[in-house]
Amino acid sequence: MADLTIRNVSVLDGTGSDPFQADVAVTDGRISAVATDGNVEPAPREIDGDGLTLAPGFIDTHAHDDGAFFRHPGMEFKLAQGVTTVVSGNCGFSAIPADPSQDSVAASGGILAGLMGEFTDLAGYYAAVLERQPAINNMMLVGHNTVRTIVMDMDRRSPTAAELSRMRDHVSLALEQGACGFSTGLIYRPGRWSDTDEVIELASAARDFDALYTTHMRNEGDRLLEAVDETLRIGKEAGVHAHISHHKSAGKANWGGVRDSLAKVDAAIAGGQRVTLDVYPYTAGSGRMVEYFNLDRISRDLAEVIRIASCPAFREYEGRMLVDIAAEEKIDVTEAVRKILTAEKGDRTICIHFIIDEADIETNLAHDDMMVGSDGIPDLRGKPHPRLFGTFPRVLGRYVRERGILKLGEAVRRMTALSAETFGLIDRGQVREGYWADLVLFDPESIIDGASYDEPQTEPEGIRLVVVNGSVAYERPAADQPGVHTGTGTGRMLRYRSSAYGEN
Ligand code: ZN
Ligand code: CU
């Protein structure tokens with residue numbers, strides 16, 4: 001007897017092939033049957049899928065959930081979107097390595113907020129997360145900014161040979177313990193003080209594991225193409241698969257630039273290099289405000305498109321555009337920037353900046369090697385960027401159904417099988433016998449994000465059921481009733497191309 005069956009569904013198996021009618025059975029956490037003849041074993045729990053679409057659980061290739069697994073182990077903002085696995089440790093900031101005597105959250109500017117436990121390495125971090133019974137699976141990258149801070153603090157210089165080799169040891173240890181790659185955030189401190197050779201040396205540690213190099217590139221605006229060249233050079237010289245995070249061409253003067261950038265990527269792929277990318281489906285970015293401004297020369301253009309997400313120094317600014325705050329206080333918008341950033345804890349301000357062209361999002365989503373990553377920053381105290389709650393349903397509702405930019409099966413492939421293969425998630429990302437039962441049941445006719453900039457903490461529409469490692473983690477009894485997070489806590493901590501942490 002199976003543990004669970006989901007009958008009468010249209011299966012999109014993740015490979016991009018056409019949907020087919022089937023009944024699916026789940027036994028011991030894995031998919032035990034995908035039957036097209038109606039012949040599945042009975043089970044104590046049988047769900048009628050009403051002809052809706054059953055797909056592999058979505059994989060968020062770009063997450064900053066390292067600390068959220070402690071603060072919000074129910075991971076409601078991801079689960080309600082149909083996300084069953086996240087890849088954390090992006091943009092050069094990762095929970096590991098850690099020195100319990102140092103404040104690792106400070107180095108990340110709060111992006112990793114929530115970390116708890118006395119861990120120093122990936123194995124310790126995974127053990128500490130599992131104690132909280134997380135709702136979804138996690139895969140980790142080891143971050144350059146974190147590693148550099150541990151070895152060199154915030155020194156604005158190149159590492160000595162000894163420091164470089166200590167950094168490399170940290171990266172290698174994380175990879176040995178199952179991290180899927182090495183991430184950089186080269187616009188951020190201290191990554192921006194590293195030269196290309198330093199990054200190549202550290203990324204080459206990933207070569208021994210055939211693991212990834214993922215990057216928030218040094219520039220995403222007027223020097224985007226140079227940054228892509230640097231990324232491709234790092235991938236080539238380090239001998240690793242390069243993955244470009246949240247691909248965009250930022251700033252109005254640069255809109256349209258993703259075409260040239262993708263042409264460079266295509267040429268590299270045609271030349272035999274392994275390169276992939278991810279994107280979030282919004283015209284605004286979000287991050288730590290202090291990283292985007294030089295206080296000696298505050299950019300008015302940027303200040304005018306900024307909205308405050310969370311701001312420990314001035315909670316009353318959260319959810320408001322900087323221009324409105326400045327008008328009300330009768331100060332210049334650049335002065336408003338200074339006021340926030342020079343306040344106590346001002347460097348922990350997270351902002352949202354409207355810098356991306358809608359047409360560029362569509363160009364990105366039309367590319368075959370483009371995965372979907374939310375880049376959500378899981379700080380729920382203010383008004384976070386709505387991508388934290390809405391990314392996956394927004395792609396399927398707005399860009400697939402309404403705009404027709406890509407087909408449903410292809411969008412699902414780039415949220416599941418392609419991501420699982422790229423990030424080394426063994427036996428995941430497909431609806432297939434023997435695979436882990438990470439599943440999402442949704443209505444392609446009604447799926448849509450509910451989160452907006454004004455009301456970002458809103459769960460999406462159209463997700464009916466989410467299963468994580470064989471257990472029902474989220475379900476919505478009817479479209480007009482709220483979703484229920486069951487608290488089953490069956491998420492696992494994944495290791496690159498290997499079994500999960502704690503399993504053989
Ligand atoms: Zn980033
Ligand atoms: Cu990021």
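Whatever order the structure lists ligands and atoms in, that order sets their numbers, starting from 1. Only a predicted model underlies this, so the values are computations on that prediction, with no experimental measurement involved.
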Axial cation check for Tyr317 ring with Lys339, 6.0 Å and 45° limits: no
Side-chain (Arg218) to main-chain (Ala227) donor-acceptor, under 3.5 angstrom: no
Test salt bridge (Lys or Arg N to Asp or Glu O under 4.0 Å) applied to Asp379 - qualifying residues, sequence neighbours left out: Arg381
Backbone N/O of Asn469 and side chain of Asp438: donor-acceptor pair under 3.5 Å: yes
The Zn ion (ligand 1): protein N, O or S atoms that are less than 2.8 Å away, sorted by chain: Cys91 SG, His216 ND1, His246 NE2
Counterpart residues, ring pair (Phe, Tyr, Trp, His ring centres under 6.0 Å), relative to His385 (two or more places apart): Tyr282, Tyr453
Atoms of the protein (N/O/S only) found under 2.8 Å from the Cu ion (ligand 2): His62 NE2, His64 NE2, Cys91 SG, Asp375 OD1
Rounded distance [0.5 Å steps], CG in Leu277 versus CG in Leu262: 6.0 Å
Ser498 vs Gln177, side-chain contact (heavy atoms from CB on, under 4.5 Å): CA-CA, chis, key distance, verdict: CA-CA 10 Å; Ser498 180; Gln177 294 186 344; over 6 Å; no
Between CE on residue Met217 and CG on residue Leu224, distance to nearest 0.5 Å: 5.0 Å
Distance, nearest 0.5 Å, that separates NZ of Lys252 from CD1 of Ile355: 13.5 Å
